[in-house]
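Below is one structure, written out as structure tokens, with a few remarks after it.
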Amino acid sequence: MDLIIFVQQLINGLVLGSIYGLIAVGYTMVYGIIGMINFAHGEIYMISAYLTAVFLALLATLGIQSVPLVLLLVLLLTTLFTALYGWSIERVAYRPLRSSTRLAPLISAIGMTLVLQNYVRLGQGAKSQGVPPLIEGHFRLFLTGSDQFVQITYIQCLIIVAALLGMSLLTYLMQKTTLGRSCRATQQDRIMAGLLGVNTDRIISTVFVLGSAMAAIAGVLVSLNYGSFDFHIGFVTGIKAFTAAVLGGIGSLPGAMLGGLILGLSESFFSGFVNTDYKDVFAFSILVLVLIFKPSGLLGVPEVEKV
Amino acid sequence: MVHFFRSSVQKALFSVAIVALLALSGVSPLLAGEVVKIGVAGPFSGAVAAFGDQFWRGAEQAAMDLNAKGGIDGKKVVLVRGDDACEPKQALQVANRLVDFEEVNAIMGHFCSATTITASEIYADAGLLMMTPASTNPMVTERGLPTIFRNTGRDDQQGVVAANFVVEKLGAKQIAVIHDKSTYGQGIADAFKAHLHTLGLTEILYDGLTRGEKDFNALVTKIKGHRADAVYFGGIHSEAGPLARQLKEQGVSAPLISGDGIVSDEFVMSAGGPSYAQGVYMTFGADPRKIPAGKEVIARYRAKGIEPEGYTLYSYATIQAIAAAMEGAGTTTDGEKMAEWLHTHPVQTIMGAKTWDAKGDLSVSDYVIYQWDDQGSYQEVE
Amino acid sequence: MKSALKESGMTALIAFLLFGPLSGLVLSGYGIEVHGFRPLLMAGLVFVGHLCFTLFARSSLGREWSASVFGRRDGGVTVARGERGHRLLIAGVMLLAFSLPLFLSKYWISVAILALIYVLLALGLNIVVGLAGMLDLGFVAFYAVGAYGYALGFEYLGLGFWAAIPFGALLAALFGAVLGFPVLRMHGDYLAIVTLGFGEIIRLVLNNWGSFTGGPNGVRVPAATFFGLEFSRRAKQGGEPFHQFFNITYSSAHKTIFLYGVLLVVVLLITFFVVRLRRMPLGRAWEALREDEIACRSLGINHVTTKLSAFSMGAMVGGVGGVFFAASQGFVNPSSFTFFESALILAVVVLGGMGSTVGVIVAAIVLTVLPEILRDLASYRVLAFGLAMVLMMIWRPRGLIRPQRPFFPIKGSS
């Protein structure tokens, strides 16, 4: 019986961790390329949740019924529009600050967070909004001879699959393509990459677009999974995802996923077996401990101090 | 030249901005004179701004209706908005602003218990009448401040009603108590727990979740592991909704019981549809929408396309009570005289007749149990 | 002209796509209501604004202007040219600050108190971020320690307002030293996230440890007293209230004015302290460590004690801010100490120009008074505040006032 609970908490943790991981990618990619903590990324995720609901309602009004088609269209539209938001925010709020101090874009991002939250509040109202249940159902594994079971819903499966798929695709993109090579070159030395013919402005924009697209995927699936959101959800999730990115080693793609999973699992197990009150304290303590013994995160490249 | 140009343009821009801001801050909508100003303080921004909107809708309609009948003693009622964003820091500033800058005659507000407690000290000090339509924490009226009232119940009354219902009607033995670690949520959960103990039961689980999160699957699995047969939640709809949904999804059959923080259509929205909200119980005052005195006003709201849910009618009734106190005491400024009058006279509001005890609490607590149905609305449980 | 039109048209199109789904299609239950006019209006505004700006920027006047605003890339620090000339100015500002209660209402004085509290917090964080170069995203922890130091110190130890100021300061300094210790090995943003973690941990513990801290219900804080005389209408702690003792009519503004006066004196003292500190070897070691840690260590500067001293001294100043916050609120609970508060304090420091004392003071006043002024914008207030933050950063990415190095004349040379 205890095994059942254990496995169930494992599944809970994996799902939560995949969500954190998907959002953490945006933080880690932006940090990797311009060394900036993009605080507004949590709000990008929030916006994608709203877009999901808007497009779902729009498709319903147009009379499109087939669930796979609706899911595909909503994913596509939300990702496109969220990416447009990511791109515009970089253009408006960060690009003018490209060559100033490192902290200036951070403050600009905090301002952008307020702007986005309140823009959505004014546009859509302060109420909680939601999406109708689109995919319902679950797999249940019963323990022989009892009514105890372990379950995973279809959407939860989808979240884990999407996280794995998204990460593999991104890793491929970064490692094997010309775009990825340009990204890595810009990451290492922006000026030199520029001299060698890489359009660094465009590369940075691309990174924002990719990060926002991943957050959008998370936004669609999370909205479908939990069914509701409000204009304030970006904040808590954003901080958690950022923590995950640092835990895994900021700047490292697999690190973001690993950090997300560790954070999700530790929250789930601590909450499940010890105490929910202190689960965030536990999560942050893990972070502090990891960084004390491995100051650049689990998979991060140690900073080389130049003399 | 360039240098001169640069600095002078910047100076000019800066001074224009300053002048514009000063001008903005100086313009008040009406010249002082024969008006009664009532401050409406609540969260108009921030995470719980939805409740601020309900406050405003209720107060606005009440003021319009009062003015249509000629105002208070012939003076027009003017409302002044005070946004505290549910932060105690801002509540202090708003309270000072309403008292000294806007010079209001009375205050309806605030929403969050923590902000009401902070701000009420300022109002009491200035001798102004404050009545909250929503803050249920006992400390609001327990500090001996003479001009502080509330037009709603107290957490300790609500917790008792809920605990009696869970134990006697539902016959639950294994009860899990969850709260959201806020002043309101934990307060009401503690009141529930305390009465559970007087009934001779001990909760099997007492745990707090984090506001703003949506994933409570780990907690739900834990509740399931403890084989709870009832779950009490102290908190508001934005967390109660996902909790209700995840309990259903994981196949927990124990009913969820909560307080007046989930009395809003938004609870159904947060749960992800009526099918997930169905069956959840909650404690709330006798539904203002079903009291005959309010029929006409409710029809007026619905004609405008607004559903007067949650605290809308509470706010309306609170403005009515403040207006009645002003007329009854024959003063629009002296809060202590209005307070004396309220202690001794009942007020006819759209929520029926209301009376207040010596502390400033409603003398009759009318909490009853409701249950959400499969249509996304709630019905009283007999 | 044609290209400008084309460019503005593109921008307006993008704006329309951005605003379209979120402001034009409003969710209502599981359906939507179409408000086609709103995104069109906003796109139109963007078009006109962009066109005007482009045309202005292309004119010769605009080119000079944009070169002056966006073209400044002069980084680094400048050296102050002595400060004799400033003395009159400083005296004037001090006189003005002390005379504020004469012509401001209680509301504006309470805003001024909040502004001064933020000046304290920003001065504290400025030591850590601006001078020692360690990004701290959890500064609110020390603010909370100071505030709770007063509240719980009164509840459990019976400390009054005057005793609470040094107590809160020392407690916060102690926390600063303890929390600073594990982070010494870390650099840059890793340090930032660990401090963020500490900030959250402290808030969560304050919230969860209900039996000691009162949990989310918070703790009541006694008001400040004038050498034992209370400012309330009727004395609560026994004895005679202030207005009876001095035989003046009661006014609720007395308490606020008194707190403002004390706070102003404390702020002036701490400002003086911080300014002097920068000229001392310790302050210079902080700045050297910020510029190049390895060089400093090889020159024999003990980086451990230097960093720890920066951390705990910043924390101490923040703790004093917390005590005054608690005294002005009369009630503390954990909802005042969220991460957003840390971000706001950091915004003050960055906007002020990291390392610049005057800049930080100006920025603290701007960022606390601005939201109050914006109250007339009602529901657009926070939106406008966020926009102002972004615009100020674009306008002045290095802060309002450029930091200056203290000037050290060498004896014997001119």
Side-chain angles (χ1 to χ4, degrees), chain A residues 1-2 4-6 8-9 11-13 15-16 19 114 117-118 121 125-133 136 138 140 147-151 153 155-156 222-237 239-240 264 267-280, chain B residues 43-54 178-179 181 186 205-227 236-246 248-251 264-277 309-310:
Chain A
M1 192 211 119
D2 272 333
I4 293 272
I5 301 286
F6 181 84
Q8 186 67 60
Q9 293 294 18
I11 293 172
N12 294 340
V15 173
L16 191 60
I19 296 168
L114 291 178
Q117 272 184 12
N118 286 281
R121 175 173 69 83
K127 293 178 109 179
S128 289
Q129 303 285 2
V131 294
E136 283 178 297
H138 40 70
R140 276 185 181 170
D147 59 342
Q148 296 287 304
F149 56 84
V150 174
Q151 81 161 28
T153 61
I155 301 177
Q156 287 175 329
V222 166
S223 310
L224 290 176
N225 189 21
Y226 302 125
S228 74
F229 47 83
D230 50 61
F231 71 98
H232 223 255
I233 53 165
F235 187 68
V236 175
T237 317
I239 288 188
K240 286 284 173 61
E267 277 190 17
S268 158
F269 280 120
F270 195 83
S271 167
F273 294 108
V274 190
N275 180 314
T276 311
D277 272 344
Y278 282 93
K279 83 174 158 64
D280 293 340
Chain B
F44 296 106
S45 66
V48 288
F51 290 109
D53 292 347
Q54 293 179 2
I178 313 293
H179 59 85
K181 296 197 275 194
Q186 193 166 353
L205 186 67
Y206 178 75
D207 224 338
L209 48 79
T210 310
R211 247 207 200 169
E213 289 191 344
K214 294 278 175 211
D215 190 300
F216 310 122
N217 275 314
L219 186 63
V220 168
T221 304
K222 189 172 169 184
I223 291 170
K224 200 172 147 188
H226 277 84
R227 293 177 175 275
I236 61 172
H237 57 79
S238 51
E239 283 75 37
L243 184 66
R245 179 183 181 130
Q246 287 159 34
K248 279 235 166 75
E249 276 180 346
Q250 288 204 29
S264 158
D265 291 351
E266 283 185 69
F267 170 67
V268 182
M269 216 55 185
S270 316
S275 57
Y276 291 108
E309 55 173 6

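To find a chain, count down the sequence lines: A is the first, B the second, and so on, and within it residues start at 1. The model shown is predicted, which means the values in this text are computed figures rather than measured ones.
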Who pairs with Glu239(B) by side-chain hydrogen bond (donor to acceptor under 3.5 Å, both in side chains), at least two apart in sequence or on another chain?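 With neighbours one apart ignored, the set is empty.
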
Answer with yes or no whether the side chains of Ser45(B) and Asn118(A) bring together a donor and an acceptor at under 3.5 Å.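 No donor-acceptor contact under 3.5 Å links the two side chains.
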
Measuring only between side-chain heavy atoms, which start at C-beta, is [X] closer than 4.5 Å to [Y]?
{"X": "Glu136(A)", "Y": "Glu249(B)", "result": "no"}
{"X": "Asn217(B)", "Y": "Val15(A)", "result": "no"}
{"X": "Tyr226(A)", "Y": "Gln246(B)", "result": "yes"}
{"X": "Val236(A)", "Y": "Arg211(B)", "result": "no"}
{"X": "Lys279(A)", "Y": "Thr210(B)", "result": "yes"}
{"X": "Gln151(A)", "Y": "Gln250(B)", "result": "yes"}

Sequence-distant partners of Ser228(A), side-chain contact (heavy atoms from CB on, under 4.5 Å), two or more places apart: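 Partners of Ser228(A) by the side-chain contact (heavy atoms from CB on, under 4.5 Å) criterion, ordered by chain and then number, come out as Lys214(B), Pro242(B), Ser270(B).
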
Considering only heavy atoms, which portion of Leu224(A) lies under 4.5 Å from any heavy atom of chain B: side chain, backbone, both, or neither?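 When you check distances to chain B, only backbone atoms of Leu224(A) fall under 4.5 Å.
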
Interchain contact, Tyr276(B) with chain A, by part (heavy-atom threshold 4.5 Å):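 When you check distances to chain A, only side chain atoms of Tyr276(B) fall under 4.5 Å.
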
Examine whether an atom of Asp53(B) lies under 4.5 Å from a heavy atom of chain A, and if so say whether it belongs to the side chain, the backbone or both; otherwise answer neither.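 The side chain, not the backbone.
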
Candidates Leu16(A), Ile233(A), Thr237(A), Asp280(A) - the one meeting side chain to side chain contact (heavy atoms under 4.5 Å, CB included) with Glu213(B):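 Answer to the side chain to side chain contact (heavy atoms under 4.5 Å, CB included) test with Glu213(B) among Leu16(A), Ile233(A), Thr237(A), Asp280(A): Asp280(A).
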
